[in-house]
Each structure stands twice: as structure tokens, then as C-alpha cells.
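Worth saying up front: this structure is predicted, and the values here are computed from it rather than measured. Each chain gets a letter, A, B and so on, in the order the sequences are listed, and its residues count up from 1. Heavy atoms only: backbone and side chains are in, while hydrogens, waters and symmetry mates are out.
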Amino acid sequence: MDRKITDFQKRVYSATTAIPAGRVATYGMVARMIGCGSARAVGQALKRNPFAPKVPCHRVISSDRSPGGFFGETGEPAINKKSRLLKKEGVTFDSAGRVNSEHLMP
DNA sequence: TCTGTGACCGCTG
DNA sequence: ACAGCGGCCACAG
């Protein structure tokens, strides 16, 4: 398996690891942060996430404050796990299962 | 080399 | 308020 990643992917992981615990960022935010107008590319990078535990992909959610996905799985079980992790980090959720806006990165 | 696809985002009806 | 559509970037076959 190739562990070599492109420069762009490296930027995505860098921005993701830069997210402090108890804080979450949206794909679009990360995309703009690294200088890219497409969140899809960010999602792909996180989906491939070769540095799984090293890169807290669970701290990255969608603009709707929905969990999004987890390790390539968009199903409920994966999302449930993701929310559980975020809760452990100190992130609070609402009844809709969405991350509280106050945890979003400014 | 080109096409299709994707853990998305934003606007419009 | 909800649903549908297009647009953007990168990667794999």
C-alpha cells in the first residue's frame, strides 16, 4: 500500500490535526482554510485518511452540523460512534444529533 | 489521456 | 420550511 500522499492531502491532514479537542470544523471550512473551494476533495482525503488515529477525522463535520461520515462509512452506526467520540471530547449535541454551533471553528 | 465518482456546499423554485 | 440542481477539486480505473 502506498503511504505516499499528495501535497494537497497533506494539507488536509495538517488542518484536521490542527483542530483542538472539543472543537469541530466543517469540510468547507477546512477546504477554504487550505485554499481549496471544494469540500469534496477534503472528504476524499479524510476518507482515505492513511493516518487514521493521527488525524481526528471525527472532528470534521458537514456544514449542516451533521456528523457526515466516519472512516468511509456514512451509515448510522458509524455516525453514532463518531458522535460518541465527539461527546467524549466535550462536544455537545442537540436533539437533532447535530453538533452545537458554539463548537464550530470561527 | 479522459471519464466517473465522492465523508460536500450553496443557491433557487 | 423542504426539495432539487449545479458547481467545485482531487483521485482512481
Within less than 4.0 Å of OP1 or OP2 of [N], is there a side-chain N or O belonging to [X]?
| X | N | value |
| --- | --- | --- |
| A:Ser38 | C:dG7 | no |
| A:Gln9 | C:dC11 | yes |
| A:Thr26 | B:dC8 | no |

Which atom pair, heavy atoms only, marks the closest approach of [X] to [Y]?
| X | Y | answer |
| --- | --- | --- |
| A:Val42 | A:Ile34 | CG2-CD1, 4.3 Å |
| A:Cys57 | A:Phe71 | SG-CE1, 3.9 Å |
| A:Gly68 | A:Tyr27 | CA-OH, 4.4 Å |

Please report the distance, rounded to the nearest Å, between [atom1] in [X] and [atom2] in [N].
| X | N | atom1 | atom2 | answer |
| --- | --- | --- | --- | --- |
| A:Leu86 | B:dA7 | CG | P | 19 Å |
| A:Asn49 | C:dC11 | CG | P | 14 Å |
| A:Lys4 | C:dA10 | NZ | P | 20 Å |
| A:Arg65 | B:dC9 | CZ | P | 12 Å |
| A:Asp64 | C:dC2 | CG | P | 12 Å |
| A:Leu46 | B:dA7 | CG | P | 11 Å |
| A:Asp7 | C:dC9 | CG | P | 17 Å |
| A:Arg32 | B:dC9 | CZ | C1' | 8 Å |

Name the closest nucleotide to the [X] side chain, picking from [options].
| X | options | value |
| --- | --- | --- |
| A:Ala39 | C:dC11, B:dA7, B:dC8 | B:dC8 |
| A:Cys57 | B:dA7, C:dA10, B:dC9 | B:dA7 |
| A:Ser63 | C:dA10, B:dC9, B:dA7 | B:dC9 |
| A:Arg40 | C:dG7, C:dA10, B:dA7 | C:dG7 |
| A:Arg48 | C:dC11, B:dC9, B:dA7 | C:dC11 |

Only pairs under 3.5 Å count here: list side-chain donor-acceptor contacts from residues 84-95 of chain A, not counting sequence neighbours, and write none if there are none.
from, atom 1, to, atom 2, distance (Å)
A:Glu89, OE1, A:Arg59, NE, 3.0
A:Glu89, OE1, A:Arg59, NH2, 2.7
A:Glu89, OE2, A:Arg59, NH2, 3.4
A:Thr92, OG1, A:His103, NE2, 3.0
A:Asp94, OD1, A:Ala96, N, 3.3
A:Asp94, OD1, A:Gly97, N, 3.1
A:Asp94, OD1, A:Arg98, N, 2.6

| request: Looking at every strand, decide which applies to A:Gly68 at a 4.0 Å heavy-atom threshold: base, sugar-phosphate, or nothing. | output: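 Nothing: the residue A:Gly68, judged by heavy atoms under 4.0 Å, touches no strand.
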| When we call it a touch if two heavy atoms are under 4.0 Å apart, what does A:Phe8 touch: a base, just sugar-phosphate, or nothing? | sugar-phosphate
| Criterion side-chain hydrogen bond (donor to acceptor under 3.5 Å, both in side chains) against A:Asp7, the qualifying member of A:Arg11, A:Lys10, A:Gln9 | A:Arg11
| request: Take A:Ile61 and A:Gln44, find for each the nucleotide of DNA chain B with the closest heavy atom, and name the residue whose nucleotide sits nearer the 5' end. | output: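 Nearest nucleotide further toward 5': that of A:Gln44.
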| request: With a 3.5 angstrom cut-off on both distances, give the Watson-Crick or G-U wobble partner of C:dG13, or none if there isn't one. | output: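 In the structure as shown, C:dG13 has B:dC2 as its Watson-Crick or wobble partner.
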